[in-house]
Amino acid sequence: MDKSFEASNFIEEIIIKDLQDGRFNYVQTRFPPEPNGYLHIGHAKAIVINFEIAKKFGGKCNLRFDDTNPTKENIDYINAIIDDVKWLGYDFGDKVYYASDYFDEMYELAKKLIEKGKAYVCNQSTEEIRRNRGTLTQPGIDSPYRNRSIEENLDLFEKMKNGEFKEGECVLRAKIDMSHPNLNMRDPVMYRIIKTPHHRTKGKWCIYPTYDWAHGLEDSIEKVTHSLCTLEFEDHRILYDWFLDELGVFHPRQIEFARLNLTYTVLSKRKLLHLVENGYVNGWDDPRMPTIKGLKRRGFTRDSIVDFIKTIGVTKSNSIVDYALLEHCARQDLNKKAKRAMVVQDPIKLIIENYPDDKVEYLEAVNNPEDESYGKRLVSFSKELFIERNDFAIDPPKGFYRLKVGQEVRLVFAYYVVCTGYETDENGNVVTVRCTYDPNSKGGWSLDARKVKGTIHWVNAKDYLDIELRIYDKLFLKENPEETEEEKDFTSNLNPNSLVIKFAKAEKSLLEAKDFENFQFLRLGYFCKDPDSTKNHLIFNKTVDLKDSYSKILKKS
RNA sequence: UGGGGUGUAGCCAAGCGGUAAGGCAGGGGACUUUGGAUCCCCGAUUCGGAGGUUCGAAUCCUCCCACCCCAGCCA
């Protein structure tokens, strides 16, 4: 490997050095989720890091399920995770790896450790083990079973495997050092008895390896060179190394990086599960959830998520990334890719007094001003249109470019109109706005090059679609949802307005929208078609707003 | 008071002994058939603090401070 690489983060620096020093002559990584929950954006960070590093150094990245605990795992999670990794655009070469495929090998290796006098069967109860582990400042106490003979340990371990003991009756422990300053080294448990059938190995095993024992072996067996994990495993590395060294097997290097935290969101499986189980959201794929499935349904594209992860960088410092950066990445991608369409979310009628009563015109509209290849479409236009309620004002503040009596605006892709009046209902609410149009401004241009400051969108009131808009906002009100009043939990910070449903008027082209397809509804924001839609009832989820500099101007005045 | 880590702008983050990149957010302006997009311009005399080494320190040394993780037969 004589290609020269440039490191873009500290992990790549280490990898490059390992390559130069000859510690490894290739690079291989892995993404090792436990199939006990859905993937969220925090996992996306691990996925992107692992797969991108493999790609960069010409190696591969295994998708490996760390399925060592049958009481928490199931096949549905496996399928969902496979789905999500694929959706993110990563190719793991058709082969999916499972820790459970290595159970036989691990068992043999455990026997080897026993034979070396480095592991023993311990009959202390969970409580006794805990008590004898000592504390952060006090050393632990040796187990009374610590010095059993190798033969006895081998025999007992086999009986454990054969199901001759009850759950909790005994465990296999590594024999290291009960007074080690690092708690993980105080004779850690390697195997425990679990009589729950495993989703893959079924009833074959009743002993299961713990993370510390299993993980390094999984990496070693797969010949992973760089085992990338999060910071909380930093003080497990000494154990990871110990097992591999004692066994004398292929020895990957574990490197830890900081997990992702995002403002206004929670990213713990436990809390996410709580939100789902208590109905605070409508399932794991609720568009407000930070799960991959939620983000997808919200309208985030894979490219925007990958870009986001690449933008935040990889370091060892605990950090909380601003949610606004994720939104920025979404806008950046969607601006280039989303088809434009016109939707009026809070309609009032606009009547063009001098437009022929029965005339219908089909006007050309640009599908994406950022990319000509998206082409044009025809949008129908008539005497009666819907426009946004807030695009008309009786007595607007200064700097209001939209409709007010006497002011001219452009109906995008259509004509210039001058507002001539308005009508209100008995409560004083505006119901209809009247105007006249300039027949010579078709397409939205005029020959005299007269300046029209405001451009507004519209929908033909004689030819439109009723659609549902699900307007999503942040799930939590506080940047840090954990910051609560006493006696309250994070759900007290839930945003009661995180979902607002609106019924809107839309141009008919939306009939052809596909599930999850992204759109920019002109001047409203980015939306994507929700799979709950039916042929007669289209639903669009708001992904993110368009940037709005008018609101700033409003605030100032 | 044990062990493992981290501290550079409001938020991320480069920097690796030669005089503080970039992105987001924020502010100002130009332009615009989306008040979108785009384009300019504005931020740290200082890198958690204090000493020291050096011609020169965010980078090296010492001490101190703050914060995070660890006492599952979870991962």
Side-chain angles (χ1 to χ4, degrees), chain A residues 8-9 13 32-34 36-37 66 68-69 71-73 122 124-126 129-131 133-140 167-173 179-186 188-194 207-208 210-212 214-215 229-238 256 258 263 269 308 311-329 331-332 335-336 340 342 365-366 369-370 399-402 410-414 416 441 443-445 452-457 479 520-526 545-554:
Chain A
S8 59
N9 56 245
E13 262 174 41
E34 183 187 11
N36 69 343
D66 207 359
T68 57
N69 186 350
T71 64
K72 304 195 164 185
E73 303 155 3
C122 180
Q124 288 181 111
S125 66
T126 308
I129 289 179
R130 190 199 316 127
R131 206 178 318 120
R133 186 154 29 224
T135 67
L136 296 178
T137 51
Q138 288 169 332
E167 280 192 20
E169 200 172 335
C170 56
V171 292
L172 183 73
R173 291 227 258 170
S179 58
H180 196 106
N182 182 325
L183 266 16
N184 294 126
M185 297 295 271
R186 319 245 261 227
V189 171
M190 295 165 61
Y191 277 97
R192 68 290 210 197
I193 297 169
I194 297 174
I207 57 170
Y208 290 90
T210 55
Y211 171 85
D212 284 313
H215 206 87
C229 61
T230 45
L231 253 28
E232 65 270 29
F233 294 104
E234 236 162 353
D235 48 12
H236 289 247
R237 188 176 61 235
I238 187 173
E256 312 83 13
T263 56
K269 281 182 188 171
F308 169 72
T311 302
I312 60 175
V314 184
T315 67
K316 296 186 72 133
S317 59
N318 280 310
S319 58
I320 304 169
V321 177
D322 195 340
Y323 187 82
L325 181 60
L326 214 208
E327 294 187 321
H328 163 79
C329 292
R331 285 193 195 98
Q332 191 172 262
N335 176 47
K336 293 199 193 87
R340 313 290 136 124
M342 290 197 283
V366 172
E370 300 293 318
F400 182 82
Y401 303 150
R402 286 108 98 146
R410 170 168 36 233
L411 296 176
V412 65
F413 308 130
Y416 289 180
S441 63
W445 297 104
V452 173
K453 269 273 197 183
T455 301
I456 66 174
H457 60 98
E479 271 197 27
Q520 184 199 98
F521 291 164
L522 247 49
R523 304 208 301 141
L524 297 183
Y526 294 100
D545 275 308
L546 244 23
K547 277 206 208 159
D548 175 15
S549 53
Y550 179 63
S551 66
K552 279 182 208 161
I553 295 167
L554 267 187

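The chains referred to below are lettered A, B, ... by the order of the sequence lines, with proteins before strands, and numbering in each begins at 1. Values below: all heavy atoms of this structure, side chains included; hydrogens, waters and symmetry mates excluded.
- To the nearest whole angstrom, the two P atoms, one in B:rA58 and one in B:rG49, are 11 Å apart.
- Across B:rU34, B:rG35, B:rC16, the shortest atom-to-atom separation from the side chain of A:L522 is found for B:rU34.
- Between the A:T263 side chain and the A:Y323 main chain, a donor and an acceptor come within less than 3.5 Å of each other.
- When heavy atoms are screened at a 4.0 angstrom cut-off, A:L524 is found touching no nucleic acid atom at all.
- A residue-by-residue look at A:F400 and A:E232 shows that A:F400 has its nearest nucleotide of RNA chain B further toward the 5' end.
- The distance between atom CD of A:E34 and atom C1' of B:rC74, rounded to the nearest whole Å, is 7 Å.
- As the counterpart of B:rC16, no nucleotide is assigned, since no Watson-Crick or G-U wobble pattern has both distances under 3.5 Å.
- For A:E73 (side chain) and A:N69 (main-chain N/O), a donor-acceptor pair under 3.5 Å exists by modelled atom type.
- Side-chain nitrogen and oxygen atoms of A:H328 include at least one within less than 4.0 Å of the OP1 or OP2 phosphate oxygen of B:rC24.
- Distances were taken from every side-chain heavy atom of A:N69 (C-beta onward) to each of B:rC74, B:rC16, B:rG4; the shortest belongs to B:rC74.
- Proximity of A:R402 to the phosphate of B:rU34: no side-chain N or O atom is located under 4.0 Å from OP1 or OP2.
- In this structure, A:R133 reaches the B:rG72 phosphate: one of its side-chain N or O atoms is under 4.0 Å from OP1 or OP2.
- At a threshold of 4.0 Å, the pair A:R237-A:E256 counts as salt-bridged, since one of the basic side-chain nitrogens sits closer than that to a carboxylate oxygen.
- Across the protein-nucleic acid pair, A:H236 atom NE2 and B:rG72 atom P stand 11 Å apart, rounded to whole Å.
- Side-chain nitrogen and oxygen atoms of A:R130 include at least one within less than 4.0 Å of the OP1 or OP2 phosphate oxygen of B:rG72.
- OP1 or OP2 of B:rA75 has at least one side-chain nitrogen or oxygen of A:R192 nearer than 4.0 Å.
- One finds no side-chain N or O of A:T210 lying less than 4.0 angstrom from the OP1 or OP2 phosphate oxygen of B:rG72.
- No contact: A:T263 has no heavy atom under 4.0 Å from any strand.
- For A:D235 against B:rG3, a side-chain N or O and a base N or O form a donor-acceptor pair under 3.5 Å.
- A distance of about 23 Å separates the P atoms of B:rG26 and B:rC31, rounded to the whole Å.
- Judged purely by atom type and a 3.5 angstrom limit, A:T210 uses its side chain to pair as donor or acceptor with the backbone of A:V189.
- Regarding the sugar-base torsion, B:rG72 falls in the syn class, its angle being within 90° of 0.
- When the C1' atom is used for both B:rG2 and B:rU19, the distance is 41 Å, rounded to whole Å.
- B:rA14 sits 6 Å from B:rA21 when the C1' atoms are compared, rounded to a whole Å.
- The distance from atom CG of A:L172 to atom P of B:rG72 is 19 Å, rounded to the nearest whole Å.
- Counting non-hydrogen atoms under 4.0 angstrom, A:F233 reaches a base of the nucleic acid.
- Figure legend. B:rG36 is base-paired to no nucleotide; pairs are counted as Watson-Crick or G-U wobble with both atom distances under 3.5 Å.
- Mapping A:G454 and A:V171 onto RNA chain B by nearest heavy atom places A:G454 closer to the 5' end of the strand.
- In terms of phosphate contacts, A:T68 brings a side-chain nitrogen or oxygen within less than 4.0 Å of OP1 or OP2 of B:rA75.
- Looking only at distances, no side-chain donor or acceptor of A:R331 sits under 3.5 Å from a matching main-chain atom of A:L546.
- Note on A:K552: a side-chain N or O is less than 4.0 Å away from OP1 or OP2 of B:rG27.
- Remark: side-chain polar atoms of A:N182 are paired, donor with acceptor, to backbone N or O of A:D235 under 3.5 angstrom.
- Side-chain N/O atoms of A:R173 include none lying less than 4.0 angstrom from OP1 or OP2 on B:rC73.
- At a cut-off of 3.5 angstrom, counting only N and O atoms as typed in the model, there is no donor on one side facing an acceptor on the other between the side-chain of A:E256 and the base of B:rG4.
- Rounded to whole Å, the C1' atom of B:rG7 lies 30 Å from the corresponding atom of B:rC74.
- The gap from the P atom of B:rA75 to that of B:rU38 amounts to 46 Å, rounded to the nearest Å.
- With P as the reference atom, B:rG28 and B:rC70 are 44 Å apart, rounded to whole Å.
- Nucleotides B:rA20 and B:rA9 are separated by 11 Å at their C1' atoms, to the nearest Å.
- Seen from the ring of A:Y550, A:R523 does not count as a face-on cation partner, given the 6.0 Å and 45° thresholds.
- The nucleotide B:rU62 finds its pairing partner in B:rA50, both defining distances of the Watson-Crick or G-U wobble pair being shorter than 3.5 Å.
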